[in-house]
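Reviewing the structure listed below.
Chain A is the first sequence line, chain B the second, and so forth, proteins listed ahead of strands; every chain is numbered from 1.
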Protein chains: 2
Amino acid sequence: MRIDRERATQVTVRDQPAKEHRRTRQRAAVDEVLDETEDFISAQELHALLRTRGAGVGLATVYRTLQTLADDGRVDVLRSDAGEAVYRRCVREEHHHHLVCRSCGATVEIAGPTVERWAKSVADQHGYTDVSHTLEIFGTCPRCAA
Amino acid sequence: MRIDRERATQVTVRDQPAKEHRRTRQRAAVDEVLDETEDFISAQELHALLRTRGAGVGLATVYRTLQTLADDGRVDVLRSDAGEAVYRRCVREEHHHHLVCRSCGATVEIAGPTVERWAKSVADQHGYTDVSHTLEIFGTCPRCAA
DNA sequence: TCAAGACTGACAACCATTGTCAAAACAGCC
DNA sequence: GGCTGTTTTGACAATGGTTGTCAGTCTTGA
């Protein structure tokens with residue numbers, strides 16, 4: 001197995017502050033959807049949504065745009081269990097995790113300094129350096145449980 | 001987004017104790033590789049490995065076998081960053097996490113009762129029930145860092 | 001306005017994974 | 001050892017998310 005350094009996880013702290021990109025209709029459209037969407041959404045879903053709105057954007061463009069945003073640290077990425085990448089505008093600037101509803105996808109962003117420290121110390125203990133981690137909590141939200 | 005209840009994460013506790021399966025050459029071969037392999041391995045890699053050994057096993061069979069093992073809780077599954085599912089014979093019986101080397105895949109299994117409790121309490125706080133979680137730590141192992 | 005180059009979109013290509021289904025292997029039984 | 005019902009296998013097709021391609025279009029800075 002080979003884990004790509006750059007894309008290993010969305011929680012890796014970025015060094016470069018984000019290159020400038022051109023403002024285009026397509027990117028604005030994707031941005032708008034992300035702004036309106038509370039929960040994680042897949043590239044496919046986003047593409048379909050744009051299509052129904054009439055603001056057609058090519059699928060490849062949606063993928064590219066999301067990837068760019070992710071690279072710039074402007075959206076959170078995580079993999080749904082099906083292996084599909086799902087995206088979400090991140091609200092917190094700092095490193096954080098998610099509590100995600102299994103059935104509707106409702107998400108709560110969570111800061112966990114304790115966990116951060118724990119992860120760091122565990123890695124140190126085993127001599128691992130350059131550490132990052134992924135942590136997501138899944139459950140059934142109150143609304144879906146009702 | 002739809003997160004499948006059954007496969008949401010490898011850390012969900014299994015209720016059923018594992019159905020009996022027939023012993024076949026193919027399953028034995030997969031088992032053997034898993035026994036010998038310390039680190040996470042993908043279905044594709046395992047398949048290729050078997051092929052080079054002469055113990056040819058169909059790709060579909062490899063997938064099915066791994067899936068069965070995973071369902072029975074006999075192997076750990078996690079998704080590499082590329083979205084590929086990777087498997088590993090789990091050593092610990094109880095719920096645990098992994099510290100994985102980004103470059104060589106070397107893995108350390110980790111128990112983190114603190115984290116378990118934290119995850120549970122966070123979920124409770126937000127009214128989420130039926131909680132499970134994923135947590136993996138990535139880093140560069142001492143050998144690769146040298 | 002203009003040119004350079006970034007961006008887009010339709011489509012093909014990729015690749016992990018799953019579905020299909022007839023043939024083969026297994027386990028229990030005689 | 002054979003028989004038989006069931007499980008398992010494997011070759012192949014199909015699926016589906018994602019990425020590559022490349023000519024045409026749009027942005028931007030001059």
Side-chain angles (χ1 to χ4, degrees), chain A residues 1-4 6-8 10 18-33 40-51 53-72 74-75 77-87 105, chain B residues 1-4 6-8 10 18-33 40-51 53-72 74-75 77-88:
Chain A
M1 180 180 60
R2 183 78 184 74
I3 297 177
D4 186 320
E6 281 312 298
R7 309 185 49 218
Q10 76 279 14
K19 215 199 307 177
E20 269 312 300
H21 299 290
R22 292 188 175 171
R23 266 61 57 72
T24 66
R25 173 182 70 78
Q26 292 83 346
R27 285 178 189 173
V30 169
D31 250 35
E32 194 180 350
V33 170
F40 280 94
I41 186 173
S42 71
Q44 302 281 345
E45 287 170 330
L46 209 162
H47 174 245
L49 195 53
L50 287 172
R51 173 164 295 190
R53 291 189 183 188
V57 174
L59 181 57
T61 301
V62 171
Y63 273 102
R64 276 184 299 238
T65 304
L66 288 172
Q67 197 152 5
T68 302
L69 288 171
D71 286 345
D72 292 350
R74 285 201 263 262
V75 294
V77 192
L78 63 86
R79 293 216 169 247
S80 77
D81 180 63
E84 202 180 9
V86 288
Y87 305 82
Chain B
M1 179 181 60
R2 183 78 185 78
I3 297 176
D4 186 319
E6 280 315 295
R7 308 186 50 218
Q10 78 278 16
K19 216 197 313 176
E20 269 312 300
H21 299 291
R22 290 190 177 169
R23 264 62 54 74
T24 66
R25 174 182 71 76
Q26 292 84 346
R27 283 177 190 172
V30 169
D31 251 35
E32 195 181 349
V33 170
F40 281 94
I41 187 173
S42 71
Q44 300 281 346
E45 286 170 330
L46 210 162
H47 174 246
L49 196 53
L50 287 172
R51 173 165 295 191
R53 289 190 184 187
V57 174
L59 181 57
T61 302
V62 172
Y63 272 102
R64 275 184 299 237
T65 304
L66 288 173
Q67 198 153 2
T68 303
L69 287 171
D71 286 346
D72 293 350
R74 285 200 264 262
V75 294
V77 192
L78 62 85
R79 294 217 168 247
S80 77
D81 180 63
E84 202 179 8
V86 287
Y87 304 83
R88 179 173 192 266

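The side chain to side chain contact (heavy atoms under 4.5 Å, CB included) test with V30(A) singles out one residue from T68(A), L50(A), T24(A), and that residue is L50(A).
Residues that satisfy the side-chain hydrogen bond (donor to acceptor under 3.5 Å, both in side chains) test with R51(A), not counting sequence neighbours, are absent from this structure. Applying the side-chain contact (heavy atoms from CB on, under 4.5 Å) criterion to L49(A), with sequence neighbours excluded, gives V33(A), I41(A), T52(A), R53(A). R64(B) is linked by a side-chain hydrogen bond (donor to acceptor under 3.5 Å, both in side chains) to T61(B), counting only residues two or more places apart in sequence or in another chain. Among residues two or more places apart in sequence or in another chain, the side-chain hydrogen bond (donor to acceptor under 3.5 Å, both in side chains) test is passed with Q44(A) by Y63(A).
As rounded to whole Å, 12 Å separates atom P of dA16(C) from atom NE2 of H47(B). Per the geometry, CG belonging to L50(B) stands 10 Å off P belonging to dG10(D), to the nearest Å. The CD atom of Q44(A) sits 15 Å away from the P atom of dT15(D) (whole-angstrom rounding). Rounding to whole angstrom units, CD of residue E84(A) and P of dG16(D) are separated by 11 Å. Taking atom CZ on R79(B) and atom C1' on dG17(D), their separation rounds to 11 Å, with Å as the unit. The distance from atom CG of L78(A) to atom P of dG17(D) is 17 Å, rounded to the nearest whole Å. Summarising the geometry, the separation between CG on L59(A) and C1' on dC11(C) is reported as 11 Å, rounded to the nearest angstrom.
When the local axes at the two ends of the helix from dT1(C)-dA30(D) to dC30(C)-dG1(D) are compared, using 5 base pairs at each end, they differ in direction by 30° after rounding to 10°.
Across dT18(D), dT8(D), dA16(C), the shortest atom-to-atom separation from the side chain of R27(B) is found for dT8(D).
Along DNA chain D, the nucleotide nearest to Y63(A) and the one nearest to R51(B) differ in position, and the one closer to the 5' end is contacted by R51(B).
Distance check, rounded to the nearest 0.5 Å: CD of E45(B) to OH of Y87(B) gives 12.0 Å. For the atom pair CG of D71(A) and NE2 of H21(A), the computed distance is 8.0 Å after rounding to the nearest 0.5 Å.
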Output one letter per nucleotide in nucleotides 21-30 of chain D: B when a protein non-hydrogen atom lies under 4.0 Å from the base, S when only the sugar-phosphate is that close, - when neither is. B-----BS--
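The closest side-chain heavy-atom distance from L66(B) to V77(B) is not below 4.5 Å. The shortest distance between side-chain heavy atoms of L46(B) and V57(B) does not fall below 4.5 Å.
Considering only side-chain N and O atoms, Q67(B) lies under 4.0 angstrom from the phosphate OP1 or OP2 of dT18(C).
Residue contacts shown for Q26(A) are limited to sugar-phosphate atoms, with no base heavy atom under 4.0 Å away.
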